Amino acid sequence: MNLLVTGGCGFIGSNFVRQRLAGSDPLLPKLVNLDKLTYAGNPANLADCTHDPRYVFVQGDIGDPALVARLLAEHAIDAIVNFAAETHVDRSIDSPEPFVQTNVVGTLRLLNGARQHWTKLPEPRKSAFRFLHVSTDEVYGTLAPDGAPWNENCPYEPNSPYAASKAASDHLIRAFRHTYGLPTLTTNCSNNYGPYQFPEKLIPLVTLNALDGKPLPVYGDGGQIRDWLYVEDHCTAIWLVLQRGRLGETYNIGGLSEKRNLELVKTICALLDRKAPRADGSPHAALITFVQDRPGHDRRYAIDCAKIQRELGWAPRESFATGLEKTVDWYLAHLPWCREITEQRYAGERLGTKV
Ligand code: NAD
Ligand code: TYD
């Protein structure tokens, strides 16, 4: 199938593109990556893929109907995987509008383009066409400490502007399936971690600040819980859902690794004490600084991924201990990639500036 990936220069998208292009997959003649290259999109994330004859990069907006229509027709697209989004909760609190523009309006326009393209496809390509929308567990709101992890039937209760915009996009996907019959799939995953994550998110932020001897900002009491999913496990799950997921269905994808933020930050500090000890011998954990909490901060996220396990045989393969160590090692080995972002592309912007 010829695949259109949106947001492929971001964190999860670039891992997905790399995973798909690894080896010579006969199922993948062409992979087109449509990315607007916002602050979070970085072509360097896919520098090792640009030579691949199957890979086409196009800078542009999912909300540009003419461009989307042209790409779908010109590259005879058979499936779309929509990663493109504004993704950082703190930015959505500071400025919600770009989140509605890309996550809601952009997704609507991409759906419209997909529908027009799909309607005109001849069989059997029409029946085989897929639109997979990548979403988040944050649409479900927040869990009590003893609450059962979210399954696909849980009600939507988004709390941040980011979560609300993703919830709206999920509803549009559902409506396009129900109203027009567009062959859609939705995945709702927990917090991802791994290589190429933009250093405004907790794990890379803490790792890089620690290496620089800067404060490690922990919001509130650090007792919030996230369910950490290694990005490669997530990408494998998306590919499985794309190939074998039941049309119109939602699949929750989680890492089965619930951790409190403070515990996670301390684990990163301990890893760095071993791998990159500080010159004065003091522990990295001495840099932990409790800062003002995020407004409306969700206390706990956790995913019940029994459905994708049962139907598609997927389970996370990476343990949190091994995944986190691999991730820290990756950042240590890719400091020029990090510095390019923190010192040039992202200079002067929020990177732990709340301290
Ligand atoms: P990211 O912020 O790292 O990357 C987003 C990418 O989308 C960037 O390359 C950016 O340039 C591109 N983009 C933004 N607006 C665009 C537009 N209008 N048109 C085209 N491209 C545009 O995000 P990520 O962490 O890789 O997340 C990818 C998807 O997964 C998002 O939809 C997000 O909601 C979802 N998700 C992420 C996580 C996580 O932990 N990272 C968890 C759950 C769900
Ligand atoms: P983040 O990586 O922003 O993901 P999300 O908000 O989508 O879960 O944050 C993960 C958790 O870490 C979340 O509970 C907020 C917290 N956090 C901090 O304590 N300090 C920080 O500097 C950041 C960026 C996040």
Side-chain angles (χ1 to χ4, degrees), residues 5-16 33-43 45-46 58-64 67-68 81-93 98-99 101-103 105-107 109-110 133-139 142 159-160 162-163 165-166 169-170 187-194 196-206 209 215-229 231 234-235 238 253-255 259-262 264-265 288-294 297-301 303 350-355:
V5 169
T6 71
C9 292
F11 164 46
I12 306 173
S14 62
N15 278 280
F16 180 80
N33 172 14
L34 171 62
D35 195 302
K36 187 177 174 185
L37 297 184
T38 67
Y39 78 94
N42 186 354
N45 294 1
L46 287 171
V58 180
Q59 182 173 2
D61 195 324
I62 57 166
D64 178 343
L67 175 63
V68 167
V81 182
N82 183 31
F83 293 98
E86 291 291 339
T87 62
H88 193 45
V89 173
D90 292 326
R91 285 177 182 262
S92 82
I93 293 169
F99 286 73
Q101 204 51 47
T102 283
N103 301 1
V105 179
T107 302
R109 292 186 180 161
L110 188 65
H133 179 62
V134 179
S135 191
T136 170
D137 59 0
E138 304 194 23
V139 298
T142 188
N159 288 325
S160 71
Y162 163 67
S165 69
K166 293 296 289 188
S169 67
D170 293 6
T187 55
N188 293 81
C189 69
S190 58
N191 285 63
N192 281 223
Y193 70 104
Y196 296 102
Q197 187 165 29
F198 194 82
E200 66 187 345
K201 305 281 167 65
L202 181 66
I203 290 179
L205 176 79
V206 163
N209 276 15
L216 311 181
V218 172
Y219 296 171
D221 64 0
Q224 304 82 6
I225 295 171
R226 297 294 182 264
D227 170 6
W228 292 95
L229 169 65
V231 66
H234 181 203
C235 294
I238 289 171
I253 307 170
K259 302 287 170 213
R260 286 185 196 284
N261 289 344
L262 185 57
L264 165 59
V265 171
I288 291 174
T289 309
F290 291 94
V291 299
Q292 193 188 353
D293 207 352
R294 173 187 281 173
H297 197 170
D298 288 333
R299 197 69 187 166
R300 176 175 167 235
Y301 300 153
I303 279 282
R350 176 207 297 280
L351 268 182
T353 48
K354 282 195 167 176
V355 176

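Note that ligands are numbered from 1 as they come in the structure, with each ligand's atoms numbered from 1 the same way. Since we're looking at a predicted model, the values are computed, not measured.
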Take atom CZ in Arg300; do more than 12 heavy atoms of anything else shown fall under 6.0 Å from it?
yes
Counting from 1, what ligand 2 atoms have a heavy atom of Lys201 closer than 4.0 Å?
2 (O)
Those atoms of ligand 2 less than 4.0 Å from some heavy atom in His297
13 (C), 14 (O), 15 (C)
For Ser92 and Tyr162, which heavy atoms make the closest approach, and how far apart are they?
OG-N, 3.1 Å
Contacts of type salt bridge (Lys or Arg N to Asp or Glu O under 4.0 Å), residue Arg226, not counting sequence neighbours
none
So, using ring pair (Phe, Tyr, Trp, His ring centres under 6.0 Å) as the criterion, who are the partners of Phe83 when residues are at least two apart?
Phe16
Please determine if Asp90 has a nitrogen or oxygen closer than 3.5 Å to a nitrogen or oxygen of ligand 2.
no
Would Asn188 and Asp170 count as a side-chain hydrogen bond (donor to acceptor under 3.5 Å, both in side chains) here? Give the steps.
CA-CA 9 Å; Asn188 293 81; Asp170 293 6; 3.1 Å; yes
Counting N and O atoms only, with roles assigned by atom type, does the side chain of Asn33 sit under 3.5 Å from a partner on the main chain of Gly8, one being a donor and the other an acceptor?
yes
Distance under 4.0 Å to a non-hydrogen atom of Glu200: what atoms of ligand 2 satisfy this?
24 (C)
Side-chain donor-acceptor pair present, Glu138, Tyr301, cut-off under 3.5 Å
yes
Would you give the length of the straight line joining atom NZ of Lys259 to atom CG of Asn191, rounded to the nearest 0.5 angstrom?
13.5 Å
Give yes if a backbone or side-chain nitrogen or oxygen of Val89 is under 3.5 Å from a nitrogen or oxygen of ligand 2, and no if not.
no
Contact partition for Asn261 relative to ligand 2, non-hydrogen atoms under 4.0 Å:
side chain
Among Asn191, Thr136, Leu264, which one puts a heavy atom closest to atom 4 (O) of ligand 2?
Asn191
In order of chain and number, which residues sit within 4.0 Å of ligand 1 by heavy atom?
Gly7, Cys9, Gly10, Phe11, Ile12, Asp35, Lys36, Leu37, Thr38, Ala40, Gly41, Gly60, Asp61, Ile62, Phe83, Ala84, Ala85, Thr87, Thr102, Val134, Ser135, Thr136, Tyr162, Lys166, Cys189, Ser190, Asn191, Asn192
Is there at least one pair of N or O atoms, one from Pro217 and one from ligand 2, spaced under 3.5 Å apart?
yes
Below the 3.5 angstrom mark, is there an N/O of Arg294, backbone or side chain, next to an N/O of ligand 2?
yes
By salt bridge (Lys or Arg N to Asp or Glu O under 4.0 Å), Lys36 pairs with (sequence neighbours left out) Asp61
Would you find a donor on one side and an acceptor on the other, under 3.5 Å apart, between the side chain of Ser135 and the backbone of Thr187?
no
Closer than 4.0 Å to some heavy atom of His88 - which atoms of ligand 2 meet that?
3 (O)
Let's go through Thr6 and Asn82 carefully: what are the C-alpha distance in whole Å and the side-chain angles of both, what is the deciding distance for side-chain hydrogen bond (donor to acceptor under 3.5 Å, both in side chains) to 0.1 Å, and is it a yes or a no?
CA-CA 5 Å; Thr6 71; Asn82 183 31; 2.5 Å; yes
Using a 4.0 Å cutoff against the non-hydrogen atoms of Val218, which atoms of ligand 2 qualify?
19 (O)
